[in-house]
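Each chain gets a letter, A, B and so on, in the order the sequences are listed, and its residues count up from 1. Because the structure is predicted, anything quoted here is derived from the model rather than measured.
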Amino acid sequence: MSKEITSRADNYSEWYNDIVVKADLADHSAVRGCMVIKPYGYALWENMRDVLDKMFKDTGHVNAYFPLFVPKSLFEAEEKNAEGFAKECAVVTHYRLKTDPDNKGKLIVDPAARLEEELVVRPTSEAIIWNTYKGWIQSYRDLPLLINQWANVVRWEMRTRLFLRTAEFLWQEGHTAHATKQEAIEETTRMLDVYADFVENWMAVPVVKGVKTPNERFAGAEDTYCIEALMQDGKALQAGTSHFLGQNFAKAFEVKFSDKENKLDYVWATSWGVSTRLIGALIMAHSDDEGLVLPPRIAPIQVVIVPIYKGDEQKAAIDAKVKGEIIPALKAAGVTVKYDDNDNARPGWKFAEYEKKGVPVRIALGARDLDNNVAEVARRDTKEKNSYSLDGLPARIVALLDEIQQNIYKKARTFRDTHITRVDTWDEFVKTLDGKTGFVAAHWDGTGETEEKIKELTKATIRCIPLNNEQEAGKCVLTGNPSTQRVLFARAY
RNA sequence: CGGGAGGUAGUUCAGCCCGGUAGAAUACCUGGUUUGGGACCAGGGGGUCGCAGGUUCGAAUCCUGUCCUCCCGACCA
């Protein structure tokens with residue numbers, strides 16, 4: 001039945017690709033490393049975006065839009081940031097094409113149209129934004145400046161995977177300026193909390209909040225906070241980051257403000273972002289060998305209704321019930337519903353199709369059901385089917401959607417919790433990574449050298465130092481040097 | 001960027017070694033019968049064989065280049 005989708009056991013990578021393509025989320029494009037997000041996938045992104053956008057606005061942020069291009073001189077102003085991204089920047093060098101004199105009908109880059117200064121296609125927007133903020137901020141009265149933008153960015157990746165790592169992707173980036181260090185740090189953690197709230201309560205993906213080690217930190221940041229999620233194959237995925245940028249960008253772009261005492265000081269900055277990568281996380285956290293499994297709260301279609309009938313008479317009776325009563329009631333209850341009465345496809349085909357696409361609830365309604373005043377309700381997460389009375393059906397569906405949301409979160413949560421393994425020896429460390437997989441909580445001596453060595457030996461990186469981490473004396477799992485706390489290691493996407 | 005595999009109908013693939021009028025299944029269209037887990041019968045339409053060169057009387061097939069995809073590495077603040 002599900003022969004179209006490679007099973008996870010057979011080939012996890014292919015399974016992932018199959019889900020993306022066959023659930024109609026996205027396609028490869030003619031451009032290397034770039035994807036086409038299809039309407040169903042984009043609808044999912046729009047739902048995610050709308051929820052996040054509201055959360056940002058509820059925490060005082062406003063949206064704006066900054067240019068795609070960053071002059072190279074601006075880009076290089078904050079040295080560490082520029083260095084960090086240098087290897088993966090697309091660069092615009094010319095502004096004109098012309099007809100190839102040697103090859104009619106073909107175009108070549110016009111060598112006479114070279115730009116005096118190259119333009120970097122933004123891999124992130126700190127540079128252009130801080131250059132702009134310089135003109136917007138004079139006094140403490142202009143602060144805090146709380147701006148977000150929804151945009152595309154380009155990072156020239158060697159190896160790409162739909163949603164997880166593409167050369168161009170969609171995201172939001174928040175860029176804020178504050179009068180005090182304390183306030184900027186509070187903003188950083190506030191937005192981390194917003195991300196965790198969204199990913200756990202809307203996407204139903206449990207996350208660990210933590211801080212990155214200096215090695216894994218955003219280039220140009222003082223501290224990088226992150227939320228880390230665990231995928232079904234036991235690999236970790238960074239689902240969002242929030243950076244405390246200190247005064248690095250303020251200094252690089254000369255952004256000063258006068259405080260109440262009329263003293264000049266550099267402002268304090270944060271930036272934070274989540275991207276279409278979240279869709280990759282969503283897929284790998286919940287989906288199964290039959291296809292996508294979507295949490296009801298962000299599913300583009302929450303309920304699909306499939307009529308089962310013989311002849312026009314039965315169809316008319318079902319139509320009347322569905323269009324006249326069920327759909328209006330569901331819509332009134334805030335449920336997104338699709339009635340698929342397309343006569344070209346048989347019910348069985350539709351069942352398989354909507355399972356593949358991860359629609360949380362399916363209602364099948366036939367003539368027999370009408371006689372009994374019931375409907376067959378199937379849930380995507382457990383594949384259970386039950387008949388429910390048509391009286392009170394909308395309320396039952398609303399409750400069921402909520403149950404599904406809770407259930408898939410719990411399932412992912414249990415998987416995550418049982419895949420955090422405390423280990424104290426190198427032997428266990430390696431065995432856990434290779435066998436059980438998941439997060440390994442181990443002592444680390446705090447040095448970048450040890451972190452590098454472990455990465456080299458096992459391909460595992462320190463995903464984060466969890467927030468409010470328990471302090472506990474121990475010995476580094478690799479070097480045996482003293483350590484004060486355990487950190488989370490994992491192989492990661 | 002290295003190593004391997006691949007690109008032929010909307011899709012999955014055969015044909016290529018050994019050059020000679022482009023194939024199957026499925027999807028699609030028309031008509032009919034159907035409809036409770038991927039329906040059936042009959043008829044029909046659809047492909048510059050990724051793209052560009054070359055060899056040849058003749059290229060999906062041989063040669064060169066190039067683009068794209070997949071797998072494994074390297075890379076990934």
S.K.: Does the side chain of A:Glu173 come within less than 4.5 Å of A:Ser271's, by heavy atoms?
M.R.: no
S.K.: Which is more 5' along RNA chain B, the nucleotide nearest A:Leu365 or the one nearest A:Arg161? Just name the residue.
M.R.: A:Leu365
S.K.: So which nucleotide from B:U34, B:C70, B:G38 ends up closest to the side chain of A:His28?
M.R.: B:C70
S.K.: What is the distance, to the nearest angstrom, from the CZ atom on A:Arg32 to the P atom on B:C67?
M.R.: 8 Å
S.K.: With a 4.5 Å limit on heavy-atom distance, are the side chains of A:Lys212 and A:Tyr225 in contact?
M.R.: no
S.K.: Could you state the CG-C1' distance from A:Asn386 to B:G36, rounded to the nearest angstrom?
M.R.: 15 Å
S.K.: Write down the distance between OH (A:Tyr12) and P (B:C70), rounded to a whole number of angstrom.
M.R.: 17 Å
S.K.: When both hydrogen-bonding distances must be under 3.5 Å and the geometry is Watson-Crick or G-U wobble, what is B:C28 paired with, if anything?
M.R.: B:G44
S.K.: Going by salt bridge (charged side-chain N to carboxylate O under 4.0 Å, His left out), name the residues that satisfy it together with A:Arg96, two or more places apart in sequence or in a different chain.
M.R.: A:Asp110
S.K.: Between atom CH2 in A:Trp156 and atom C1' in B:C1, what is the gap in whole Å?
M.R.: 14 Å
S.K.: Looking for any heavy atom pair under 4.0 Å, which part of the strands does A:Asp369 touch: base, sugar-phosphate only, or nothing?
M.R.: base
S.K.: Can you tell me how far C1' of B:C68 sits from CE of A:Met35, to the nearest Å?
M.R.: 17 Å
S.K.: Taking atom P in both B:C17 and B:A60, compute the distance separating them and give it to the nearest angstrom.
M.R.: 12 Å
S.K.: Flag the pair A:Lys357 and A:Asp24 as a salt bridge only when some basic side-chain nitrogen lies within less than 4.0 angstrom of an acidic carboxylate oxygen.
M.R.: yes
S.K.: In whole Å, measure the gap between the C1' atoms of B:G15 and B:U8 for me.
M.R.: 9 Å
S.K.: Who is the Watson-Crick or G-U wobble partner of B:A9, with both distances under 3.5 Å?
M.R.: none
S.K.: What is the nucleic acid contact for A:Ser13, judged by heavy atoms within less than 4.0 Å: base, sugar-phosphate only, or nothing?
M.R.: sugar-phosphate
S.K.: Taking only the C1' atom of each, what is the distance from B:A52 to B:C28 in whole angstrom?
M.R.: 32 Å
S.K.: Taking atom C1' in both B:G7 and B:G45, compute the distance separating them and give it to the nearest angstrom.
M.R.: 25 Å
S.K.: Contact class for A:Asn11 (heavy atom, under 4.0 Å): base, sugar-phosphate, or nothing?
M.R.: nothing
S.K.: In whole angstrom, give me the gap between the P atoms of B:G46 and B:C29.
M.R.: 16 Å
S.K.: Any side-chain donor paired with an acceptor under 3.5 Å for A:Glu187 and A:His61?
M.R.: yes
S.K.: Is there a side-chain polar atom (N or O) of A:Arg368 under 4.0 Å from OP1 or OP2 of B:G36?
M.R.: no
S.K.: Would you say the ring centroid of A:Phe249 lies under 6.0 angstrom from that of A:Trp268?
M.R.: no
S.K.: Is the closest basic N to carboxylate O distance between A:Lys455 and A:Glu452 below 4.0 Å?
M.R.: no
S.K.: Using Watson-Crick or G-U wobble geometry with both distances under 3.5 Å, which nucleotide pairs with B:G19?
M.R.: none
S.K.: Using the P atom in both, what is the distance from B:G43 to B:U35, to the nearest Å?
M.R.: 24 Å
S.K.: Looking at A:Thr276, A:Thr160, A:Asn152, which hits side chain to side chain donor-acceptor pair (under 3.5 Å) with A:Glu168?
M.R.: A:Asn152
S.K.: Output a table of nitrogen or oxygen pairs between the protein and nucleotides 27-32 of chain B separated by less than 3.5 Å.
M.R.:
none

S.K.: Which one, B:U69, B:G37, B:A39, comes nearest to the side chain of A:Arg362?
M.R.: B:G37
S.K.: Please report the distance, rounded to the nearest Å, between CD1 in A:Ile308 and P in B:G38.
M.R.: 12 Å
S.K.: Hey, does the side chain of A:Arg379 reach the backbone of A:Arg362 with a donor-acceptor pair shorter than 3.5 angstrom?
M.R.: no
S.K.: If we call it a pair only when both distances are under 3.5 Å in a Watson-Crick or G-U wobble match, what pairs with B:U61?
M.R.: none
S.K.: Between B:U56 and B:G23, how far apart are the C1' atoms? Round to whole Å, please.
M.R.: 25 Å
S.K.: Would you tabulate the pairs of protein nitrogen or oxygen atoms and nucleotide nitrogen or oxygen atoms of nucleotides 74-76 of chain B closer than 3.5 angstrom?
M.R.:
residue, atom, partner, partner atom, Å
B:C76, O2, A:Arg165, NE, 2.8
B:C76, O2, A:Arg165, NH1, 2.9
B:C76, O2, A:Arg165, NH2, 2.3

S.K.: Classify A:Glu83 by what it touches in the nucleic acid, base, sugar-phosphate, or nothing, heavy-atom distance under 4.0 Å.
M.R.: nothing
S.K.: Taking any strand in view, what nucleotide pairs with B:C1 in a Watson-Crick or G-U wobble way, both distances under 3.5 Å?
M.R.: B:G73
S.K.: Is there a donor and acceptor pair closer than 3.5 Å between the side chain of A:Lys350 and the base of B:G36?
M.R.: no
S.K.: If B:G38 has a Watson-Crick or G-U wobble mate with both distances under 3.5 Å, name it; if not, just say none.
M.R.: none
S.K.: Heavy atoms only, 4.0 Å cut-off, all strands: where does A:Gly33 land among base, sugar-phosphate and nothing?
M.R.: sugar-phosphate
S.K.: Count the heavy atoms belonging to other residues, nucleotides or ligands that lie under 6.0 Å from CD of A:Glu313, then report whether that count exceeds 12.
M.R.: no
S.K.: Rounded to whole angstrom, note down the P distance from B:C49 over to B:G44.
M.R.: 26 Å
S.K.: Do A:Arg49 and A:Tyr42 have side chains that get closer than 4.5 Å, going by heavy atoms?
M.R.: yes
S.K.: Parallel, tilted or perpendicular: which fits the ring planes of A:Tyr12 and A:Trp15, with parallel below 30° and perpendicular above 60°?
M.R.: tilted
S.K.: Scan A:Lys383 against the nucleic acid and name what it touches under 4.0 Å (heavy atoms): base, sugar-phosphate only, or nothing.
M.R.: nothing
S.K.: If each of A:Glu376 and A:Ser29 is mapped to the nucleotide of RNA chain B with the nearest heavy atom, which maps nearer the 5' terminus, i.e. the 5' end?
M.R.: A:Glu376
S.K.: With sugar-phosphate meaning primed atoms plus P, OP1 and OP2, does A:Ala375 contact a base, only sugar-phosphate, or nothing at under 4.0 Å between heavy atoms?
M.R.: nothing
